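None of these values were measured; they are calculated from a predicted model.
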2 protein chains.
Amino acid sequence: MTVDKIKKNALELFAENGYDGTSLSDIAKRVGIKKPSLYNHFDSKEALYFATIEDVFRAYVDYVNESLANIKVKTVKTKLKQALVSTAQFLSSHDIGMMYMRVLMFPPMDLRENIVKRFELWEGETDEIYIQLFEDGIKSNEIQPGDIQIYLQAFYTLLDGISTDMFIYSKEKVESKLEAGWMVFWNGICVRK
Amino acid sequence: MTVDKIKKNALELFAENGYDGTSLSDIAKRVGIKKPSLYNHFDSKEALYFATIEDVFRAYVDYVNESLANIKVKTVKTKLKQALVSTAQFLSSHDIGMMYMRVLMFPPMDLRENIVKRFELWEGETDEIYIQLFEDGIKSNEIQPGDIQIYLQAFYTLLDGISTDMFIYSKEKVESKLEAGWMVFWNGICVRK
DNA sequence: AAATAACTACCGACCGTTAGTTAGTTTGCT
DNA sequence: AGCAAACTAACTAACGGTCGGTAGTTATTT
């Protein structure tokens, strides 16, 4: 389908160069068609942009749901760590991750309101899985009994930190930051022996 | 000085709308001059952009150095917490913070190399102060003896997480995230009683 | 002290290019 | 034949940047 090809290429360009830094000519060239042909599939540049955003949000939530559901290890500790690693990897390896972060942090000013509205529709969808993990950990005496909301927010903050670092530092540096952040985080919530 | 006025207004616009989203006409209009007059003070749009970046990096490093040097409290715990809070506040309250994060995470592609080069000149300048804090904490038996580099990296990751959140979530939500992140972080490095 | 030269900051007009978008037409498939 | 999807051509608006000229100030000369 041409529509998918357009969205895929648009995503790559929007992710790397931003909304203002990406022209319809650029997109058309990569797709292999002429610029006006884009209008057979999308009403405007904004419409195309929003279409890619929608895909990105959905892909992100789907990935988190799927990948966490498929972790077949025993301890909560390894599950949480793996969730952290795989989510970070997802954000770094795909254009989706770059687009996700860019849209959330620095959307085009005039589209901001609209974007926030759409984001809030997806936000919170991943909470349940993590909450379940923390509850399991407390039950199995791996994690200190305490306010799960605090654990959750701290975990998200760690995730956001790693995600951000991935756009600034080298792979090796991010890896060591992830290890350090995780180590201190886990030490902060685990039952010490 | 006109140069400073130009840089100030350019900073605000670049921070909010990015490089591609800001035109020289926009900048000139806010300064109160016409576009060609800008060229009496800067050779090109890129030159103006780099000038503002330079200012931003210097302002950030200066702020961290100053504000941390002026904390007059006793315990390492409150010092660290205050460092976290004030740095986060700095990043959120000024356009400098927005510019700082935007430039580091999503610089204009063709300027990326140059920007990274300049960033690395500033990077690491703040390390010493934090390392000193951790060492003090270990000596005073507030912090567990351990790898200080891990503490430092974990702290930076927390800081990056909070900084990122400030561009995504509401003030209240960020505040609760900061508290949660800090609580778990400190619990992860402190000597528990 | 008057005249001149030099310099700075600014502006209007304009250049070539590219942006997003529209209209009208052709292609190719069913 | 009909229809979606591609095309060419062209539009207006805006982009970054240049040019020639003009005020206003400063420095130098006579």
Protein-nucleotide distance ([X], atom [atom1]; [N], atom [atom2]), rounded to Å:
X	N	atom1	atom2	result
B/Leu38	D/dC19	CG	P	17 Å
A/Lys29	C/dT18	NZ	C1'	11 Å
A/Leu24	D/dA13	CG	P	18 Å
A/Asp26	C/dT18	CG	P	11 Å
B/Tyr39	D/dC15	OH	P	12 Å
B/Asp20	C/dT17	CG	P	20 Å
B/Asp43	D/dG16	CG	C1'	14 Å
A/Asp110	C/dG20	CG	P	13 Å

For every nucleotide of nucleotides 8-13 of chain C, 5' to 3': is a protein heavy atom under 4.0 Å from its base (B), only from its sugar-phosphate (S), or from neither (-)? --BBBB
Count the heavy atoms belonging to other residues, nucleotides or ligands that lie under 6.0 Å from [atom1] of [X], then report whether that count exceeds 12.
X	atom1	answer
B/Lys45	NZ	yes
B/Asp43	CG	no
A/Glu179	CD	yes
A/Glu175	CD	no

Is there a side-chain polar atom (N or O) of A/Ser23 under 4.0 Å from OP1 or OP2 of C/dT18? no
Phosphate-side-chain proximity, B/Ser25 and D/dA14, N/O vs OP1/OP2 below 4.0 Å: no
Salt bridge (charged side-chain N to carboxylate O under 4.0 Å, His left out) evaluation trace for B/Lys139 with B/Glu135: CA-CA 6 Å; B/Lys139 269 182 201 147; B/Glu135 281 176 353; 5.2 Å; no
The reported gap from CG in B/Asp62 to CD1 in B/Ile96 (rounded to nearest 0.5 angstrom) is 9.5 Å
